[in-house]
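First the structure, in the form of structure tokens, and then the observations on it.
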Amino acid sequence: MAEETIFSKIIRQEVPADIIFQDEHVTVFRDIHPQAPTHILIVPNKIIPTVNDVRPEDEVVLGYLFVVAAQIARQEGIAQYGYRLIINCGGDGGQEVNHLHMHLLGGRKLGPMLSK
Ligand code: AMP
């Protein structure tokens with residue numbers, strides 16, 4: 001069993017979060033420390049700790065993250081301007097929460113992909 005993080009509590013709505021969409025597969029909420037005017041996390045309800053833990057059976061839900069990202073970007077009014085999707089993995093990738101998630105960032109012209 002993969003270890004739970006704060007995201008499991010958010011998915012079960014046991015701790016407060018600004019949830020903007022939820023269904024049986026994903027939970028979408030605003031990042032608590034936004035790095036851009038729009039900074040949203042798209043999180044599979046299933047715990048997959050990191051990209052290293054992805055299995056073939058996760059293919060459908062991981063594809064669905066993109067479907068939801070496109071839908072949320074339209075809903076947030078940033079689709080036509082552009083945005084960035086990021087999935088961090090592990091220490092060097094800067095992953096802080098070991099529950100795989102996609103960042104949706106936009107609402108301003110974003111800087112270079114990597115600052116360092
Ligand atoms: P990562 O570094 O890719 O693991 O990203 C984790 C993200 O989760 C960071 O951008 C944090 O600001 C965000 N985060 C951590 N705790 C919470 C929370 N309780 N509610 C919303 N966002 C959170």
Please list every donor-acceptor pair under 3.5 Å in which a side-chain atom of residues 10-17 meets a protein atom from a residue at least two apart or in another chain.
unit_1: R12; atom_1: NE; unit_2: E14; atom_2: OE2; d: 2.7
unit_1: R12; atom_1: NH1; unit_2: E4; atom_2: OE1; d: 3.4
unit_1: R12; atom_1: NH1; unit_2: E4; atom_2: OE2; d: 2.8
unit_1: R12; atom_1: NH2; unit_2: E4; atom_2: OE1; d: 3.1
unit_1: R12; atom_1: NH2; unit_2: E14; atom_2: OE1; d: 3.2
unit_1: Q13; atom_1: NE2; unit_2: Q22; atom_2: OE1; d: 2.7

Legend entry - Side-chain heavy atoms of H99 within contact of S8, under 4.5 Å: yes
Legend entry - Closest contact, heavy atoms only, A2 versus P49: CB-CG, 3.8 Å
Legend entry - Pairs where residues 67-94 contributes a residue and the test salt bridge (Lys or Arg N to Asp or Glu O under 4.0 Å) is met, not counting sequence neighbours: R30-E76
Legend entry - Closest contact, heavy atoms only, G107 versus P37: O-CG, 3.5 Å
Legend entry - I19 versus T27, closest heavy-atom pair with distance: CD1-CG2, 4.1 Å
Legend entry - Which residues share a side-chain contact (heavy atoms from CB on, under 4.5 Å) with E59, sequence neighbours left out: none
Inset, instruction - Among residues two or more places apart or on two chains, list those pairs meeting salt bridge (Lys or Arg N to Asp or Glu O under 4.0 Å) that have a residue in residues 101-114. - result: none
Inset, instruction - Go through the structure and list residues passing side-chain contact (heavy atoms from CB on, under 4.5 Å) with N88, not counting sequence neighbours. - result: I86, Q95, H103
Inset, instruction - Scan residues 39-49 for pairs that pass salt bridge (Lys or Arg N to Asp or Glu O under 4.0 Å), counting only residues two or more places apart or in two chains. - result: K46-D58
Legend entry - Remaining members of the apolar cluster that contains V68, side-chain heavy atoms under 4.5 Å: I20, F21, V26, V28, I40, I42, I48, V51, V54, V61, L62, Y64, L65, F66, V67, I72, I78, Y83, L85, I87, L100, M102, L104
Inset, instruction - Could you pull out the closest heavy-atom pair between P34 and D31, with the gap in Å? - result: CD-O, 3.5 Å
